[in-house]
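When reading the values below, keep in mind they use all heavy atoms of this one structure, side chains included, and skip hydrogens, waters and symmetry mates. From a predicted model like this one, the values you see are computed outputs, not experimental measurements.
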Amino acid sequence: TQFDRNRFLFAKDAELSMKDYSVPSSNNLYTFKVGSFSISATKKLLVAKNIMLQPHYSKDEFQQHTKTQLERYSINIPSIEFKNTDWWKLINSEVLEADYARINTADISVYLDRRKPSDGGMRRSFPHQLIMQLGMKINIRKLAVNDLDLSYEEYSTLSGKKGKIDIKNIHGTISNLTNLPGVISRNRFTTVAASGVFMNIAPVDLTLKFDLANYKTGNFSATLKSNSGFNGSAINSMSEPLGLFMVKKGNLKKLDAQVSGDNYKA
């Protein structure tokens, strides 16, 4: 059996598992929790359940614990499955490496209060910046997402109101999700290609590219497209507080938006 690569320490199968993993973030604003995870060594399969990034404070209380503008994240993922995982690196080197991962149903919400003073673009809270700050090294070549709900809410000082953007039922893939310097030298971009339902009114296609080589300045680009028409007044709940405009009547036939930016501008 010593030459049988399908065995683990001469055994046909081995499983490692742990429950109720919890660790606070370095800024003490969050707790990262994993309800349970199990590793099948011979199958190179890792399954984690009930993954949460849990804020310690409510939306308003959170801002009292920050000196400058800082996004508040709330993440709830019932399960993630990683295939072809190098479990030995995970246990001994704290490197989570997998060829493929899949998330089925998840909820992510982001809130930003503009009443706090700006830090001059140095808050470094874009997704790729958070990944680069992780204590654990990760390298996931492809992550498939099924049925993800994403919401972004912001308090605008110009309108004195909160506005919210929702994209629900998101399906798509994330490629090159990594913070390993050697991998970044070969491919500097994390790419997101997804589709979902915008504001419960129209299907949209979204593409995001995050520049890992320039993560300190937050370089990114995004495109948003929709070929489905809808009544323009349906976006007023978002456009009035955040864009300072309203649509009294009219129909949108096609949407094609492109944005590129960094910590300082977009």
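With sequence neighbours excluded, the residues that form a side-chain hydrogen bond (donor to acceptor under 3.5 Å, both in side chains) with R188 are D211. Residues satisfying the ring-ring contact (aromatic ring centres under 6.0 Å, His included) criterion with F220, sequence neighbours excluded, are F126.
No more than 12 heavy-atom neighbours from other residues, nucleotides or ligands sit within 6.0 angstrom of NZ on K209. In the displayed structure, K116 atom NZ is contacted under 6.0 Å by more than 12 heavy atoms of other residues, nucleotides or ligands.
Between L242 and E154 the shortest side-chain heavy-atom distance falls below 4.5 Å. Y57 has its side chain within reach of H65: a pair of non-hydrogen atoms, C-beta onward, lies under 4.5 Å apart. The side-chain heavy atoms of I140 and I174, taken from C-beta on, include no pair separated by under 4.5 Å. Using a 4.5 Å heavy-atom threshold, the side chains of F32 and I51 count as touching. The shortest side-chain heavy-atom distance between E61 and P55 does not fall under the 4.5 Å cut-off.
Minimum heavy-atom separation, H171 to D147: CE1-N, 3.4 Å. Contact between T178 and M132 at its shortest, heavy atoms only, is O-SD, 4.2 Å. Heavy-atom minimum distance, L244 versus P241: CD2-O, 4.3 Å. Nearest heavy atom pair, residue L70 against residue F62, reads O-CE2, 3.8 Å. Across all their heavy atoms, P117 and K67 have their closest contact at CG-O, 3.4 Å. The two residues I80 and A101 come nearest to each other via the heavy atoms CG2-CB, 4.5 Å.
Proximity of a side-chain donor or acceptor of N263 to a complementary backbone N or O of K216 within less than 3.5 Å is detected. At distances below 3.5 Å, at least one donor-acceptor pair connects side-chain atoms of T190 with backbone N or O atoms of N176. A donor-acceptor pair is defined here as one N or O able to donate and one able to accept, closer than 3.5 Å; such a pair exists between the side chain of Q129 and the backbone of Y215. D149 places no side-chain N or O within donor-acceptor distance of the main-chain N or O of A106, the cut-off being under 3.5 Å. A distance-only check finds a donor-acceptor pair linking the side chain of D262 to the backbone of K265 [under 3.5 Å]. The backbone N or O of S175 sits nowhere less than 3.5 Å from a side-chain atom of T191 that would complete a donor-acceptor pair. Without hydrogens or angle criteria, H56 side chain to Y30 main chain gives a donor-acceptor distance under 3.5 Å. Panel note: side chain N139, backbone V183; no donor-acceptor pair is recorded below 3.5 Å. A distance-only check finds no donor-acceptor pair linking the side chain of R102 to the backbone of K83 [under 3.5 Å].
Between D166 and K168 there is no salt bridge, since no side-chain N of the basic residue sits under 4.0 Å from a carboxylate O of the acidic one. Ion pairing between R141 and D99 holds under the 4.0 Å rule for side-chain N and carboxylate O.
Judged purely by distance below 3.5 Å, without hydrogens or angles, the side chains of Y73 and E71 never pair a donor atom with an acceptor atom. A side-chain N or O of S233 and one of N231 form a donor-acceptor pair less than 3.5 Å apart. Counting only N and O atoms by type, the side chains of N76 and D107 include no donor and acceptor under 3.5 Å apart.
K164 contributes atom NZ, which lies 13.0 Å from atom OH of Y152 (distance to the nearest 0.5 angstrom). The distance from the OG1 atom of T157 to the CZ atom of R114 is 8.0 Å, given to the nearest 0.5 Å. For the atom pair OG (S195) and CD1 (I170), the distance works out to 8.5 Å, reported to the nearest 0.5 Å.
A tilted orientation is assigned to the rings of F230 and F198, their planes being inclined by 30° to 60°.
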Note to self: Set out, in order, the CA-CA distance, both residues' side-chain angles and the distance that settles side chain to side chain donor-acceptor pair (under 3.5 Å) for S25 and N27, then state yes or no.
What the structure shows: CA-CA 5 Å; S25 62; N27 57 16; 2.6 Å; yes

